[in-house]
Amino acid sequence: MEKAEKALNFIEHIVEEDLANNYKKEELRFRFPPEPNGYLHLGHASSICLNFGLGESYNAPVNLRFDDTNPAKEEKAFVDAIKRDVEWLGYKWDKECYASDYFQELYDWAIMLIKRGKAYVDSQSSDEMAQQKGTPTEPGIAGPYRNRSVEENLELFEKMKNGEFDEGMHVLRAKIDMASPNMLMRDPILYRVLHKAHHRTNTDWCIYPMYDWTHGQSDYLEQVSHSLCTLEFLPHRALYNWCLDQLVSNDKLRPKQREFARRNLSHTIVSKRKLLRLVEEGVVSSWDDPRMPTISGLRRRGYTPESIRNFADTVGIAKRENLVDVSLLEFHVREHLNRIAPRVMAVLNPLKLVITNYPEGKEEWVETENNPGDENAGTREVPFSRELYIEQEDFKEEANRKFFRLKLGGEVRLKSGYIIKAESCTKDAEGNITEVQCTYDPKSKSGSGTEESLRKVKGTLHWVSIKHAIEAEVRLYDRLFNDENPDGHKDKDFMEFVNPNSLTTITGYLEPNLKDVKAGERFQFQRLGYFNVDTDSTSENLVFNRTVGLRDTWAKIQQKN
RNA sequence: UGGCCCAUGGUGUAAUUGGCAACACUCCGGUUUUUGGUACCGUCAUUCAAGGUUCGAGUCCUUGUGGGCCAACCA
């Protein structure tokens with residue numbers, strides 16, 4: 001229903017056009033084709049959301065296909081991690097496919113190619129072949145094996161398959177055009193010998209097909225209608241089509257490859273090799289460190305699948321270079337968490353506050369909303385007593401009228417509690433404030449309905465009763481990189497931009513309702529931000545991650561002065 | 001130096017395919033608020049440049065400028 005309202009992106013325009021011309025709606029099929037050689041990250045999320053989103057809007061199946069043609073890099077563990085991440089994002093694939101399931105068909109087609117004189121075994125070194133390949137501005141030249149006989153090619157390819165050759169001795173190449181302006185058409189390699197066990201086919205094969213000889217065929221076998229990939233594969237399209245030309249039959253659907261620009265996120269890096277460096281050099285603790293742009297990192301950080309999908313959706317898709325600001329991602333987590341996260345009170349930088357006219361030993365439980373924006377969220381009770389913690393930031397001995405918080409002689413409301421007035425404070429030898437003494441107005445209790453309780457005071461502070469507070473380890477995260485585009489400097493290594501303060505670990509004091517929280521649960525620490533329970537958390541040692549802070553206009557006001 | 005792709009506010013995308021440049025975020029300003037949160041309101045682009053076609057151009061054409069991609073037995 002909301003689809004009719006929404007403008008279409010250029011991929012959807014292509015689909016619409018195909019639907020208007022030669023495709024039937026039932027023929028639409030998409031696929032997400034990761035190589036199981038690492039963890040999924042935000043970049044993959046774009047592709048996932050694009051393909052599965054298309055599947056949803058056209059009610060078309062989407063395959064999850066593992067592009068597992070290089071056993072040197074791929075592992076079962078990554079397959080499992082990828083499946084878990086796609087599921088977590090909230091998508092269901094139609095078929096779970098593997099390029100390795102097509103090894104036999106691919107091999108048979110290669111034989112066919114050889115028989116038609118369109119493929120040959122080359123027995124040169126990769127250096128020699130690279131030499132002959134030319135450059136983008138100069139055409140390539142034919143190698144000495146280009147015109148081997150069909151029989152010889154057949155025999156050699158058979159021996160390659162049977163494991164009679166070492167790696168690197170022979171490859172199978174398509175015979176296309178060594179002078180093509182498209183480098184990829186200069187007799188691309190189709191098969192190489194790899195004496196490695198594959199995580200699914202084990203040692204059944206010792207020749208493995210290359211990407212270009214696999215992808216289009218896989219799409220064709222699965223009858224994928226639209227094969228979407230990133231822009232750097234654009235030159236591969238000609239080869240994709242060439243491969244299909246060799247084998248498509250007219251009664252079956254012919255897949256088409258279309259390309260979109262990968263999404264780049266500011267202050268972030270996504271290259272597998274570089275993320276690995278962050279892990280190996282100990283900048284982060286692991287692949288699922290909450291600072292990592294991996295799906296598992298974002299999950300651990302407290303991001304919701306909805307927020308990532310909404311982000312992908314509003315960013316959209318196009319063909320130009322881009323650098324999306326992280327603030328948009330942050331906006332979407334806040335937007336979602338604001339709706340679903342229960343509010344709680346927690347003090348992260350405690351300052352002791354003593355209410356001198358509050359009876360010693362007295363305690364009462366005050367009622368407070370779980371989410372002011374959601375009537376159905378209900379209320380809970382929080383213990384209040386004579387000695388509380390407030391944030392150090394929330395008290396100043398003196399301040400101008402812009403400062404809505406507590407100052408000597410000034411009044412403030414303790415959220416869901418009483419209105420208090422700061423009377424005095426004590427300091428240590430260095431002049432740091434160690435305690436604030438205040439008085440409260442017993443008639444001003446929140447919700448009591450008294451005239452005093454209805455008084456307007458400018459500031460409201462969150463607080464926690466010292467006696468009842470529970471301690472927790474709180475991990476405060478900041479951007480991993482200080483530069484907007486850490487990967488975008490030709491003369492500088494991205495490691496130079498690592499933010500040394502991307503993680504600060506402190507002890508926080510929480511309202512006691514939080515004592516039984518479980519990993520993954522999300523909360524808003526009122527006035528501070530959104531936090532979730534980390535997987536490291538135990539009942540003895542609670543651990544919270546700050547997913548994202550609240551919008552902080554006060555911080556901006558201060559910055560200006 | 002060859003081929004291909006791209007160019008719309010600070011950012012990312014739209015524009016019924018030639019008909020009043022729209023949406024979201026950010027920034028800035030304001031209203032509401034027992035979260036300096038949320039919600040709400042307002043300000044911010046004559047579409048890279050120059051020419052052309054047309055009653056009319058972000059959209060079509062030409063040239064230029066700027067950016068990107070292409071020479072792994074990776075995907």
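We name chains A, B, ... by the order of the sequence lines, and we start the count at 1 in each one. Reckoned from all heavy atoms, side chains included, excluding hydrogens, waters and symmetry mates.
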Mind calculating the distance between CZ (A:Arg262) and P (B:rA75) to the nearest angstrom?
16 Å

Quick one: is A:Thr69 getting a side-chain N or O under 4.0 Å of the B:rC74 phosphate, OP1 or OP2?
no

Could you check how far CG of A:Asn182 sits from C1' of B:rG3, rounded to whole Å?
8 Å

Under 4.0 angstrom between A:Lys73 side-chain N/O and B:rC74 OP1 or OP2
no

Between the side chains of A:Glu391 and A:His462, is a donor N or O closer than 3.5 angstrom to an acceptor N or O?
yes

Please check the phosphate of B:rC74 (OP1 and OP2 only) for any side-chain N or O of A:Arg192 closer than 4.0 Å.
yes

For B:rG29, which nucleotide is its Watson-Crick or G-U wobble mate, given both distances must be under 3.5 Å?
B:rC41

Within less than 4.0 Å of OP1 or OP2 of B:rU13, is there a side-chain N or O belonging to A:Asn322?
yes

With respect to the phosphate group of B:rU35, does any side-chain polar atom (N or O) of A:Arg343 fall under 4.0 Å of OP1 or OP2?
no

Check: A:Glu367/A:Thr379 side-chain N/O donor and acceptor closer than 3.5 Å:
yes

Should A:Lys490 be listed as having a side-chain N or O under 4.0 Å from OP1 or OP2 of B:rG67?
no

Can you tell me if the side-chain N/O atoms of A:Arg551 get under 4.0 Å from OP1 or OP2 in B:rU38?
yes

Residues A:Tyr145 and A:Asn153: side-chain donor-acceptor under 3.5 angstrom:
no

Indicate, yes or no, whether a donor-acceptor pair under 3.5 Å links the base of B:rU35 to the side chain of A:Arg527.
no

Donor/acceptor link under 3.5 angstrom from A:Ser446 side chain onto base of B:rU34
yes

Pair assignment for B:rC60, Watson-Crick or G-U wobble, requiring both distances under 3.5 Å
B:rG52

Determine: side-chain N/O of A:His336 to OP1/OP2 of B:rU38, distance under 4.0 Å, yes or no.
no

So with a 6.0 Å cut-off around CD of A:Glu364, is the heavy-atom count from everything else above 12?
yes

Just checking, is any N or O donor in the side chain of A:Ser218 or A:Arg31 under 3.5 Å from an acceptor N or O on the other one?
no

Identified pairing partner of B:rC4, criterion: Watson-Crick or G-U wobble below 3.5 Å
B:rG68

I'd like to know if A:Gln524 reaches the base of B:rU35 with its side chain, counting only an N/O donor and acceptor under 3.5 Å.
yes

Syn within 90° of 0, anti beyond: B:rU17 is syn

Respond yes when some side-chain nitrogen or oxygen of A:Lys456 is under 4.0 Å from OP1 or OP2 of B:rU34, and no when none is.
yes

Mate of B:rU16 across any strand shown (Watson-Crick or G-U wobble, both atom pairs under 3.5 Å) is none

